[in-house]
Structure formats: C-alpha cells, structure tokens
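Encoded as structure tokens, the structure appears first; notes follow it.
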Amino acid sequence: MILRTHYSGDITPELDGREVVLAGFVHETRDLGGIAFLVLRDRKGLAQITLVKKLVGKDMFKSVRTISRESVVQVRGQVKAEPKAPRGFEILPTDVRVLSAAQVPLPLDPTEKVECELDTRLDARFMDIRRPCVLAAFEIESAVLRSLRNYFYRQKITEVFTPKIVAAATEGGTDLFPISYFEKEAFLNQSPQLYKQMLMGAGMDRVFEIGPIFRAEEHDTRRHLNEAISIDVEISFADDKEVMSILEGAVVEAYRYVAENCSYQLGVMGLDLQVPKAPFRRITYTEALELASERAGVKMQWGDDLDTETERFLGESIGEHYFLTDWPSSIKPYYTLPYEDKPEICRGFDLMHPRMELASGAQRVHDYNLLVERIKEKGLDPGGFEFYLKAFRYGMPPHAGWGLGLSRLVMTMLKLENIRDAVLFPRDRRRLVP
RNA sequence: GUCCGGAUGGUGUAGUGGCCUAUCAUGAAAGCCUGUCGAGCUUUCGACCCGGGUUCGAAUCCCGGUCCGGGCGCCA
C-alpha cells in the first residue's frame, strides 16, 4: 500500500473534482484568518492545500494551521481548478493527518529563503536534500547512471563487481585505508584496475563496473574526496583510440539523456544544458605543454605532471571537453603501454573538462615480460603483484580501458561549485559523519 | 601539509576599543486579517567558538587552541 494517489507534480487543473491523497512535507503555511494555505512538498514539487474556515470548521482549521514546518503529512481532498492558485489548482482537504511532526527550530531552511553554508548543510544533510535544487542534482545523477548503463549494455559490455577489500597496496604510490580483516591486514581498494584487467585474461572481453573507490590521500580541495564512485570500462582487442571513442560517447550520451529526460530538474536548478559534441579535441601532452608555455609563461619541464595552473589555463583556452594524449611514460602507471618506437611516451590519455580532469585511461601493457619490467622501473616489487601477473602468463588479450569519476562528471555537468554537492554523504579529510 | 581568510540568536548576517541592554533578514511563540503564492501588520523570544593576555573598558586588539571556507601541494 502506498499512502498517496498522486505526487503534487502530477496534479493538473484538469483533475478538477477528483479525490486525491497527497503525502509529503509541510513546506510552509500561511494563515489569513478566514482562509489558510498549507503548501505540501514532495519529490515532484509543491501543491497548495486551501483551508476555508467556514468549510472545514474551526477545529480542523486551527489544528492544520499549527502543524510545524517540515512535518510529514498525508492530505486527502478534492482537486479544484482555481486560477488564483499556483499552477491553476488547489486541494480542498477533507482530512489532514500528521504522520510525523517536525521539531522546531529546524537545522536549516529548506524553503531557501535564507542561505546556508555547506558545512551546516552537510551536518543536516537529510534536511538539505529536501531542498528542491539539491534533490534535483541527485535525481540527475541517477539519470546519468541509467544512461551510462544503457549505453554500456547497448555496446554489449558486461557489468561486473570486483572486491573492495584487497590484500595489498596493489598499485603502489597512493595511500590506502588499512582495515582489519580477521587475523590479516587488508585495505580498501583504490581502483578496480587490476581486477578488470584480470577479467580480460578471463575472457570476459568487455566489462564495466560502477562502484566505490577509496583513497587515503590528505587532499583538501573542492574536487577531491576520499570515497568516490568510479565508472570503469575495460575492453579486449581494443586500443586506446577505440576506448577513447567509447568514453566520449558515454559522456555525450549522459548529457543528451539528461537534457531530454530531466527538464524539470534542470529547470529547478536554473540550467540550460548544452550537449557536448563528439569527437572531442585531441591534444598531446607535448602540444599542451607548448601551448601553456607560449601563452602563459608557465615554467614546466617536459616530463612534469601538469600542475593545476596549467590545467586551468588549458581548460580556459580550449573551452570544451578535450583529450590529453601521449603522456610521458614516467608519469603514467606501469600498466600503461609505451609506444614501441618511442618508449618515453605512452598510450595513456586523460579526458578533461575545462574545469578539471574527468577520466583517465590507456592502452594497457598485455605482455607479461614488459609488465614485469615496467613494474620494476617504477620501483615496485613484482612479487607483490603475483596474483595479477599470473593472469598475464596464460594468454592475455591486448586491451584498453578507462576510469571516469561519476561525481566530477555530474559536478561539471551541473556547474556545481564543490564536489561535495554531487555526493549524498561525502567523505573527506575531516568528515566521517553523517 | 602549507598559505590566506573566517567563527555573532535555529539559519544567513551587520558591527575595527566606550554610541552594544549587539543590526537586519529568516525563524519560533501569541494575536489580527477570506486569495495568499518569499503574504501583510502588532507584540514577544533567541547569539558574540574556547582559554589566556592588553586596557579604566574587548564581539572588536594580542597570544594559544579548536572548528570552518578558499588557494596550492599531495592525487595508482
């Protein structure tokens, strides 16, 4: 049984005379003496409940008018087409039931009359999400996920899950969160990278995974989190160019789907979504460096990773999504395939939004001996990768893939200032609650 | 980690040594009002992050701490 017959957004003046049951939160009440209005809010919008004292009687009038804001109510009543009411209709109630009263004062103002700081909002996130513009972002995020899954299914890519609890710091470098696993030490996985590659060795051919990744880096910016959702793809018998086109197709598809299916939410957020056009521009690392040094006088040596200033400069110059390709092998992970004729650069790429990096990927090393060599070059011990290397000794298809940050995709799509706005309950250097 | 900025009613803020019994908005409580739609009007309630110092006097200046925001760094 569902305690409502309609969402407020589903009601139109054409339903005049119909009995409906709405359920939701008390957005606000306005008492004018002989007539009072209660505005009910649910996920699809607002509905005005009109109480005429003469019609409903003194007792009901008084009890409804004193329901505290944000209380949960169920309203049974009749739809009345009414030009004076918002959206041309109102509900004349026969029964208003308080299912759960809200305490006062509220930890923040869900009607958005008063601004609220991010920290306050996150402390009372459940109430923050009641705000229509916040809810809209998460509904759009869900639409993005739906569109990406549909896109992957159409491309015959198999959805998989890989372990989030792992035995070792598999890729070296980044800091992992240690956890206790019975009598053993374990870690929260930083990336499904090694597992999705092993699935290429398993003959799964084309896989994708959407799941959490964990990084214990002490970064403190508006675009980093310690727990994030990663969208990972790995494709056998494909090269870097092929997976780049799958990646740009995925991004375009997400934008297109949201533009076509989320007009209500985009309206709530005041956004006019421009769908990017594929193919995205391709720029090599070396070209990017030249562009940056010529125009901005940035002091970067070939072989340095791009700093934030350079990244931002490139974003401003280019002004749309673009790929950075042919990176120095020295700054990409060991599993990135170097060019055969020019091993100092590799088939790694980053997908960039003008504001930040969205994804990175590569054609992978599939040759066992080269992989061992690359691991050693990075100063890592191949012994620690035996579970992974084993999959490369018995026939490993050539393969390529990428990982895309969901929150960054949503954040850039919706022009959100802070990545925390794109995560329901963000985990950062300081925040573990709620 | 580091640099810069900040912390005032539930929320968002004004206030740079005495004019602060602390401003405004929102909110809450009570009342008036039959068409509100950020309703209006009247009355009331509610705050200077913690510790130390300077001073006749500190929300305001200084020191330490805690927390928050922004930049950078870190980021397979």
Side-chain angles (χ1 to χ4, degrees), chain A residues 27-39 46-56 61 65-66 68-70 80 82-90 102-124 127-128 131 166 168-176 187 189-194 197 213-226 228 230 232 305-312 331-336 348 350 356-357 360-362 364 374-375 378-380 385 388 403 405 408 417-418 420 428-431:
Chain A
H27 190 68
E28 53 189 351
T29 55
R30 280 188 285 275
D31 177 7
L32 278 70
I35 188 168
F37 304 100
L38 180 153
V39 179
L46 305 172
Q48 174 169 292
I49 317 299
T50 302
L51 293 118
V52 180
K53 201 185 237 172
K54 280 186 200 159
L55 293 180
V56 300
F61 188 87
R65 179 207 79 189
T66 53
S68 58
R69 293 164 72 215
E70 296 304 317
K80 185 187 168 204
E82 173 55 71
K84 279 183 282 190
R87 291 185 29 236
F89 74 88
E90 60 192 11
Q103 276 186 17
V104 291
L106 301 171
L108 52 82
D109 171 27
T111 63
E112 303 177 311
K113 285 176 205 160
V114 178
E115 286 296 302
C116 196
E117 288 193 348
L118 183 61
D119 195 50
T120 307
R121 291 172 45 207
L122 292 177
D123 281 341
M127 183 151 290
D128 182 47
R131 299 161 71 206
V166 296
T170 47
E171 294 177 46
T174 195
D175 292 322
L176 303 189
F187 299 91
N189 206 182
Q190 68 187 81
S191 152
Q193 181 62 33
L194 305 190
Q197 285 193 264
I213 56 172
F214 304 91
R215 309 214 170 158
E217 304 294 336
E218 298 201 359
H219 33 51
D220 188 7
T221 76
R222 292 189 290 176
R223 57 186 191 282
H224 287 92
L225 290 171
N226 296 293
S230 179
D232 274 88
D305 205 349
L306 300 185
D307 58 26
T308 309
E309 193 187 346
T310 307
E311 222 175 70
R312 184 165 308 141
I331 53 173
K332 283 289 172 188
Y334 57 81
Y335 46 74
T336 309
D350 281 3
M356 70 190 81
E357 177 189 333
S360 70
R364 319 297 189 186
R374 291 278 293 144
I375 290 172
K378 293 282 177 186
L380 299 167
F385 297 92
Y388 165 68
R408 287 188 173 190
E417 289 295 314
N418 195 311
R420 291 158 184 78
D428 62 32
R429 178 71 186 84
R430 297 183 199 88
R431 185 173 286 278

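Naming convention: chains lettered A, B, ... in sequence-line order (proteins, then strands); numbering from 1 in each chain. What you see is a predicted model, and the numbers here were worked out from it, not measured in a lab.
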Original post:
On a plain distance test, is the side chain of A:Gln48 in donor-acceptor contact with the base of B:U36 below 3.5 Å?
Top reply: yes

Subject >> Assigned partner base of B:C72, Watson-Crick or wobble definition, under 3.5 Å >> reply: B:G1

Original post:
Any side-chain N or O of A:Asn418 less than 4.0 Å from the OP1 or OP2 oxygen of B:G70?
Top reply: yes

Original post:
To the side chain of A:Asp307, which of B:G69, B:G12, B:G73 is closest?
Top reply: B:G73

**OP:** Report yes or no: is there a donor-acceptor pair, N or O only, under 3.5 Å between the side chain of A:Lys54 and the base of B:U34?
**Re:** yes

Original post:
If we call it a pair only when both distances are under 3.5 Å in a Watson-Crick or G-U wobble match, what pairs with B:A25?
Top reply: B:U11

Subject >> Nearest-angstrom distance from the residue atom NZ of A:Lys80 to P of B:G35 >> reply: 13 Å

Original post:
Among B:G71, B:U34, B:U11, which is the nearest nucleotide to the side chain of A:Thr120?
Top reply: B:U11

Subject >> Atom-to-atom span, NZ of A:Lys113 to C1' of B:U13 - whole angstrom >> reply: 17 Å

**OP:** Side-chain contact test, heavy atoms from C-beta onward, threshold under 4.5 Å: evaluate it for A:Asp109 versus A:Arg69 and give yes or no.
**Re:** yes

Original post:
Between A:Glu357 (CD) and B:C74 (C1'), how many Å, whole number?
Top reply: 14 Å

Original post:
Under the side-chain contact (heavy atoms from CB on, under 4.5 Å) criterion, do A:Val104 and A:Glu70 qualify, and how do the steps go?
Top reply: CA-CA 9 Å; A:Val104 291; A:Glu70 296 304 317; over 6 Å; no

Subject >> B:G12 base / A:Glu117 side chain donor-acceptor hit below 3.5 Å >> reply: no

Original post:
Between B:C33, B:G35, B:G38, which nucleotide gets closest to the side-chain atoms of A:Phe37?
Top reply: B:G35

Original post:
Within this structure, what is the CG-to-C1' distance between A:Asp119 and B:U66, rounded to whole angstrom?
Top reply: 13 Å

Subject >> B:G18: pairing nucleotide in any strand, Watson-Crick or G-U under 3.5 angstrom >> reply: B:C56

Original post:
Quick one: does A:Arg420's side chain have a donor or acceptor within less than 3.5 Å of a partner on A:Leu118's backbone?
Top reply: no

**OP:** Could you tell me whether the phosphate oxygens of B:G73, OP1 or OP2, come under 4.0 Å of any side-chain nitrogen or oxygen in A:Thr221?
**Re:** no

Subject >> Whole-angstrom distance between B:C48 and B:A59, as gauged at atom P >> reply: 11 Å

Subject >> Nucleotide nearest A:Ile35 when distance is taken to its side chain, options B:G70, B:G35, B:U36 >> reply: B:G35

Original post:
Considering only B:U26, B:C74, B:U36, which nucleotide approaches the side chain of A:Ala85 most closely?
Top reply: B:U36

**OP:** Measure from CG on A:Leu46 to C1' on B:G38 and round the result to the nearest Å.
**Re:** 12 Å

**OP:** Would you mind telling me which of B:U36, B:G1, B:U26 lies closest to the side-chain atoms of A:Leu32?
**Re:** B:U36

Subject >> A:Lys53 to A:Phe61 six-membered ring, cation-pi geometry met (6.0 Å, 45°) >> reply: yes

Subject >> Side-chain donor-acceptor pair present, A:Tyr335, A:Gln197, cut-off under 3.5 Å >> reply: no

Original post:
Salt bridge check: are A:Asp123 and A:Arg431 linked by an N-O gap of less than 4.0 Å?
Top reply: yes

Original post:
In terms of the nearest nucleotide of RNA chain B, which residue is placed more toward the 5' end: A:Thr29 or A:Cys116?
Top reply: A:Cys116

**OP:** Pick the C1' atom in B:G73 and in B:U55, then give their distance to the nearest Å.
**Re:** 42 Å

Subject >> Under 4.0 angstrom between A:Arg69 side-chain N/O and B:G10 OP1 or OP2 >> reply: no

**OP:** Identify which nucleotide among B:U36, B:G1, B:C72 has an atom closest to any side-chain atom of A:Arg223, counting heavy atoms from C-beta outward.
**Re:** B:C72

Original post:
Closer to the 5' end of RNA chain B via nearest nucleotide, is it A:Val104 or A:Thr50?
Top reply: A:Val104

**OP:** Just compare B:G1, B:G12, B:C37 and give me whichever is closest to any side-chain atom of A:Glu218.
**Re:** B:G1

Original post:
In terms of side-chain geometry, is the basic nitrogen of A:Glu115 or A:Arg121 positioned less than 4.0 Å from the acidic oxygen of its partner?
Top reply: no

**OP:** Using a 4.0 Å heavy-atom cut-off across all strands, classify A:Pro107 as base, sugar-phosphate, or nothing.
**Re:** sugar-phosphate

**OP:** Would you indicate, yes or no, if B:U11 has its OP1 or OP2 atom less than 4.0 angstrom from a side-chain nitrogen or oxygen of A:Arg121?
**Re:** no

Subject >> Protein-nucleotide distance (A:Arg222, atom CZ; B:C4, atom P), rounded to Å >> reply: 19 Å

Subject >> Gap in Å between the two C1' atoms, one belonging to B:G12 and one to B:G52, rounded >> reply: 31 Å

Original post:
Which value, in whole Å, describes the distance between the P atoms of nucleotides B:U11 and B:G27?
Top reply: 15 Å

**OP:** Provide, to the nearest angstrom, the distance between the CD atom belonging to A:Glu309 and the P atom belonging to B:C74.
**Re:** 13 Å

Subject >> Separation of the P atoms in B:U26 and B:U66, to the nearest angstrom >> reply: 38 Å

**OP:** Using a 4.5 Å cut-off on heavy atoms from C-beta on, say whether the side chain of A:Pro192 contacts that of A:Ile213.
**Re:** yes

Original post:
Would you say the side chain of A:Thr29 lies within less than 4.5 Å of the side chain of A:Arg65, judging by non-hydrogen atoms?
Top reply: no

Original post:
So what does A:Asp31 hit on the nucleic acid, given a heavy-atom distance under 4.0 Å: a base, only sugar-phosphate, or nothing?
Top reply: base

Subject >> Below 4.0 Å: OP1/OP2 of B:C37 and any side-chain N or O of A:Lys84 >> reply: no

Original post:
Is there a Watson-Crick or G-U wobble partner for B:G31 with both distances under 3.5 Å, and if so, which one is it?
Top reply: B:C41

**OP:** Please state the C1' separation for the pair B:A14 and B:A29 - nearest whole angstrom.
**Re:** 25 Å

Original post:
With rounding to whole Å, what would you report as the distance between B:U21 and B:A47 at their C1' atoms?
Top reply: 14 Å

Subject >> Minimum-distance nucleotide (side-chain atoms of A:Pro105 versus B:C68, B:G10, B:A28) >> reply: B:G10

Subject >> Same-atom distance (P) from B:G64 to B:C74, integer angstrom >> reply: 28 Å

Original post:
With respect to the phosphate group of B:C68, does any side-chain polar atom (N or O) of A:Arg430 fall under 4.0 Å of OP1 or OP2?
Top reply: yes

**OP:** Decide yes or no, distance alone: a donor-acceptor N/O pair under 3.5 angstrom between the base of B:C75 and the side-chain of A:His219.
**Re:** no

Original post:
Once you round it to whole Å, what is the distance between P of B:U11 and CD of A:Glu112?
Top reply: 17 Å

